[in-house]
Structures are given as structure tokens and as C-alpha cells.
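Only a predicted model underlies this, so the values are computations on that prediction, with no experimental measurement involved. Chain identifiers are assigned alphabetically (A, B, ...) following the order of the sequence lines, protein sequences preceding nucleic acid strands; residue numbering begins at 1 within each chain.
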Protein chains: 2
Amino acid sequence: MSEPNTMVFMTTAHKKVTIRDVARYAEVSYGTVSRYLNGNDHVSKDAAERIANAIETLQYVPNNAARSLAQQRTQTVCLILQVESAATIMQASVAEAMAAANQALGDAGYQMVTVIANSDEAVHRIAKLIKSDYADGYLLFSLSEDDSLALACKETKRPVVRSEASNRGDLPYPAVDFTNAEGQRDITRFLLNKGRSRLAYVCGPGFSTSAINRLNGFREAMGKFYDDSRVYYADDWEIGSGEMAAVTFQPILDQIDGIVCANDSIAIGVINQLDRFGYRVPDDIAVTGFDDSPLAQMANPKLTTVRQDSYLHGETVAKLLLNIMRGEPVERHFVQLLPTTIVERQSA
Amino acid sequence: MSEPNTMVFMTTAHKKVTIRDVARYAEVSYGTVSRYLNGNDHVSKDAAERIANAIETLQYVPNNAARSLAQQRTQTVCLILQVESAATIMQASVAEAMAAANQALGDAGYQMVTVIANSDEAVHRIAKLIKSDYADGYLLFSLSEDDSLALACKETKRPVVRSEASNRGDLPYPAVDFTNAEGQRDITRFLLNKGRSRLAYVCGPGFSTSAINRLNGFREAMGKFYDDSRVYYADDWEIGSGEMAAVTFQPILDQIDGIVCANDSIAIGVINQLDRFGYRVPDDIAVTGFDDSPLAQMANPKLTTVRQDSYLHGETVAKLLLNIMRGEPVERHFVQLLPTTIVERQSA
DNA sequence: CTGTTAGCGCATTCAG
DNA sequence: CTGAATGCGCTAACAG
């Protein structure tokens, strides 16, 4: 009744409301509405108000596909999670990095969407997605040996940033990584300084650059005392590998007073198995982890480990991508390194 | 040289290749190419081959936005993960369900994309996304007290399936859930049958339907012996809550021979704290969990718990959504219940 | 079986 | 400051 605009608008709910409906209701042309929506040009205050009102009462929301098509960009960033099994998805470090990236990208006006590549079929489907201009940029979290998605990324013109430095020169994406070598070197020295000199090492899976770098850090700290026969090479990052490592070391366990592990899960496996063998941690043998995952505090004894800030990791990856999307020049092989710190608890 | 088609095609790499380029190269009209791509109508074998060849040599991939716009569907399903903190993202059950859903949806030709709602701003952004016809269907994994996204889903015409039954009648989405009550009832009876009759209970957060259902199961098994003063109501599902529960129960710990917990994390917290108090598990007090998460096997003693098959959960949720998207009629309040089983280990 | 045409909903020129 | 026109890349309906 008191409404100045008494046009009858059945909220049909069947026919979707488009920008034209808004324009008609606001009594402007739909070009003006578009301008209003994108905040670019100037729209008269009067028109703006009517448009705002129309949008509100009509419950108008622009169609995503149409906007993407016309604009040639989607305002989304796609986070690709390439994993070998479900277990990997839930690594605390990954979850935290994802949360951080989601926040940073959201703040910049991008919607982060995550796709999971956990099968050959999924890899193939996602490779296609990448080529179809699905997103304005990509974050590649590959926790797998398979480089197929990294290769697929080469076929898009959109920027890509990796969550881990690669040792492959033919995959030239900027990356963010931790000072893996330095971290492992430092905690090894920490053990050495405590008088533990007969150390063994459990290395992560060979396809992982982090695993290699961490081993290198251990080697550097050990110097001429480095003994490859006291290194166990695991196939994955899981607890089971730690247990197997301890079993393998059993014959020489009496000659050892410390085991440096490639990550927390492995360290927990080692501790569990040492316990079964009757060795006390850290009294008989000290054990260290890497990551400072939530597991580290749940372990018994609590893990002394190398901490890496996963939240910072995700945030940094996201910001690097945003910079590139803004056009900032970044070297194709640029790797930003994040610091690690030692967290002393009970296991060493 | 031997190529029959000697047209010169600079792979300019600057100008993106469209369906028209393919048509020109294959010497057909682009309508035919479209038909070929969508496999619907009949295309002559001859033309099909030339098109296939053109697509291959031109490296053509259809543009996503354009296809979505013309077709009014995106061939994607959006999994919305509403969480309060990063820690929740990585719950093993969620990760496994996601992996399963990804597989099932992928097999059906849909790309699953996950968005994370971990802040008010993200919730708002995603609510808008939902209204913009971003996906053909939605999977709502809400591990939070906040119902705002469930409400936002009411404004889309696309089907929505929830991963957990809701107790709110105004959020009428089909859901898939576990037999929470039965599971907790059965493991309680399992304890009773073992001669443990003086039981306490640690309940999950009140906003969760699962938490309520599990408590009801416990209550049913206890019958007239149910004593609300022996129920601790936790604020979340974490280890810390288990520890606090044990502290709260301390005065009556000597009168208790078993504690049934709402989930595995809480059970571990209870066990840890009982250990600090000098009680032995299960000798003095038996403890049970719920979920059979990976933690259950890492705990010491290993957890006796109620197992729920998270992979099946994700798969079922996805298939239910697929059925609805195919037009199969499903009651708005339909809830599909998945079975739970008791896993006996050491803690009870 | 195939070419032609008209939109899908919106951004973005270009005149006014 | 605003309206009208053109096209983003593709599907689908229609003739042939």
C-alpha cells in the first residue's frame, strides 16, 4: 500500500530472476545494474538505491557461469589435493594449511574450492578441469609420487603454486616450503649436544623432496660420523613404517642412543616398537619427530620434534598465488622457505 | 607431409581454441562437434573421426563456464564442510567420507568440489555461492553448531543431502546417519554383560544430534539404573573434554567400573587422566569409545569402541544425492541409517 | 545425419 | 551518467 512501486511481482520461484528483472524493477537498463554490481563506473545515487532495493526484494544473485563466461575469470582458486589414500587427506598439517589458505583467499575475494585426486580416474578428470579454465589459479598439494597433475598444470595459462619444493626442473612452479634440512640438522645437533652420538635415522619415502632434504640435514649434522647402514628408508610416512624401522634396527639397538625420524608418525611407531622390545624412551634411546602434529602431544612420552607452522604455510602459499594473479613477476623456480623450530618435550 | 590435411595451424597458444576451431579443422559445422562431444545424437563415423583428430591435434578442451551456462548445469557437486576450526577438517571420519563421496560422484560423471566454511565471512560467501547455481547438488557436512548454511541451502532448487540427521524440523533435507543409539546401547550392554554395572557416561556437545542419540542408547541399556549425575556433558569432541570428565568424576571414581564415552578422542582423554589418577584401564575401570578412528588403535590400551564405516557413509551420502539428482523421489525427511558394530580391543 | 540459428546471463564496449 | 548493442563459448531446437 505505502509502497511507491506497486508493480505486481509474483515471486514465481520457478523462473529464475536475472539481471533484467532487477533492471525492470528498478526502472533502469540492465547495463546500469551490471555496472552497479561491479562497482566500477559511476551510477547515480538515485539509481543505485532503486537497484539495491530491487536486488533485495527480488533476492537476486548473479549467475556464476554467466559471469565467468563474460568476464573470463571465475573468482575462484582451486586447491588440488593429490593423495594416495584417504588417510593422507586428514594430515593435520594439510588441514591447517587448507584452513589458512581458505582464509587468505577469501579475504582477497576468491572462493577456494578443493578437489581431491585419489584415483587415476580422478586425476584424469581434474587434469581436464584444469585445462577448461575452471579457476583463476591453482594450489597444488601433492602428497603423492605421481606427478601427472603437476604436468597437467603446465597446460593452463593460469598461475600455479606448489606447497612443496620440487626437485624436478621440468615442473617450474613457484613453491613454499620449510627449511627441512636445517630443521633436521638442528635437532640432530640438539641430540649430539646432549651427549647422544650413536644415532640412527628413519627416512621418509624417496619420492618426497622433504624426505630427502631432512635426511640431508641429518647427514650434515653427523658429518663424518654419518653411517648409511644406520638409515632406514621407509615407503611412507605412517606409524607402521616406524615400527618396521625399529624392527630392522633391533640387532643394533644396543649400540644406539638416539633415533631421528622423518616425521611424527614414524617417531611414534618407533617408540611403540621400542617399548615392545623393552627399551625405554628417552632413557635408553631418544627419539625425535618432525612436524609437531597433534600426535606429538598425544604420544607417550610426548614427542620432542621439529615444529613447522602449517597455518603460515597455507597462508603463504595463498598469498604467493594472489601476488602472481595480481601480475607481480615471480621467478618460475622461486621457492619461499619458512622457518622451523625445535620443540623439546619428553622423548629426547 | 604425409598428412592429408595440410592446413597450416599455428598453435598460437595465445588465442584459446574453441569449438569453432575444431569444426573448421574437421571441416564440419560446430553444431556437429557439439553433438559429437555430448554423444547424444548420431554423428557419421567419418565426421567423428575427423573431429576426434581435430580435438587431439588442437588440444581442445571445452570451456567450463560456457557449457554450464548453456546447459544450466555444472556437472559438479559441492561438498560444504562447515567447521569451527582446522582441527575438525582432519577428522579421520570426515576425510574418509570425503574420499568415498569423491569416488562415487566421480564414477557418476560429477566433479566433487569442497568448500570450507570456517569463518563468518566464509559462511556468507558460500551462502551466496549456493544461490548462484554453483553446483548441481550439495553435500552438507556440518560439524558445527551453526545452522546458517543449512538455512542458506533452502534457497537453492538444487538437491541437498546432509551427512548427519538433524533434529530440526525446519531443515528438511534427506540425510545419512549411523545407528548411533543402537551402537551405544549395544556396547553398554556389552559392558553390563561383562559384569560392569556401575557405569558413567561422557556425552558429546549438545548441539549434535549424534551426541544426543548416543546418550539415549546408553540410557536405554541402563534402564532404571540410569543416573544422570553420572553423566558428564562435554562442550566438544576432543581429548581435553575427556580429561575434564575424568577430573569431574574423580570423587566417585572408586564407585565406578566403567565409562562409556561419546567418541574415541574423549575416551583417550579419559584414559589418560585415569592413568594420572592411578587407575588402571581396564582392570579398575573399563573405557569405551565411539567411531573406531585411527586413534583407537594408537591408544594405550587400544580402544574397545563402536565402529562406523566412514567410507560407506560418504559413499551412501553421494549415492543418495545422485539418486535425487536423477529425479528419484525421496522424502524430504528421509534418513538412511548405517549399521555400527562393536570392536573389542583392550580398554574394555 | 548435418548446417543454421537462437539463446544461456552477464560484462563491456559504444553512443548519447 | 545511462541505454543499446555485441559477444563470451557452448547447447539445443529446428530445418533440411
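- The end-to-end axis angle of the helix from C:dC1-D:dG16 to C:dG16-D:dC1, rounded to 10 degrees and based on five pairs per end, is 40°.
- Nucleotide C:dG9 holds its P atom 19 Å from the OH atom of B:Tyr134, rounded to whole Å.
- At the phosphate of D:dG9, neither OP1 nor OP2 sits under 4.0 Å from any side-chain N or O atom of B:Gln71.
- In terms of phosphate contacts, A:Arg67 brings no side-chain nitrogen or oxygen within less than 4.0 Å of OP1 or OP2 of C:dG9.
- The CG-C1' distance, from B:Asn64 to D:dC10, rounds to 11 Å in whole Å.
- One atom, CZ of B:Arg24, and another, P of C:dT2, lie 19 Å apart when rounded to the nearest Å.
- The residue among A:Lys45 and A:Arg20 whose nearest nucleotide of DNA chain D is located toward the 5' end is A:Lys45.
- At whole-Å resolution of the value, CD in B:Gln72 and P in C:dC8 are 8 Å apart.
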Please list, pair by pair, any protein nitrogen or oxygen found under 3.5 Å from a nitrogen or oxygen in nucleotides 3-5 of chain C.
unit_1 : atom_1 : unit_2  : atom_2 : d
C:dG3  : OP2    : B:Ser29 : N      : 2.8
C:dG3  : OP2    : B:Ser29 : OG     : 3.3
C:dG3  : OP2    : B:Thr32 : OG1    : 2.7
C:dG3  : N7     : B:Arg35 : NH2    : 2.9
C:dG3  : O6     : B:Arg35 : NH2    : 3.3

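- Taking side-chain N and O atoms only, B:Ser34 has a distance below 4.0 Å to OP1 or OP2 of D:dT11.
- Atom C1' of nucleotide D:dG7 and atom CG of B:Leu69 are separated by 12 Å, given to the nearest angstrom.
- Between the CD atom of A:Glu49 and the P atom of D:dT2 there is a distance of 12 Å, given to the nearest Å.
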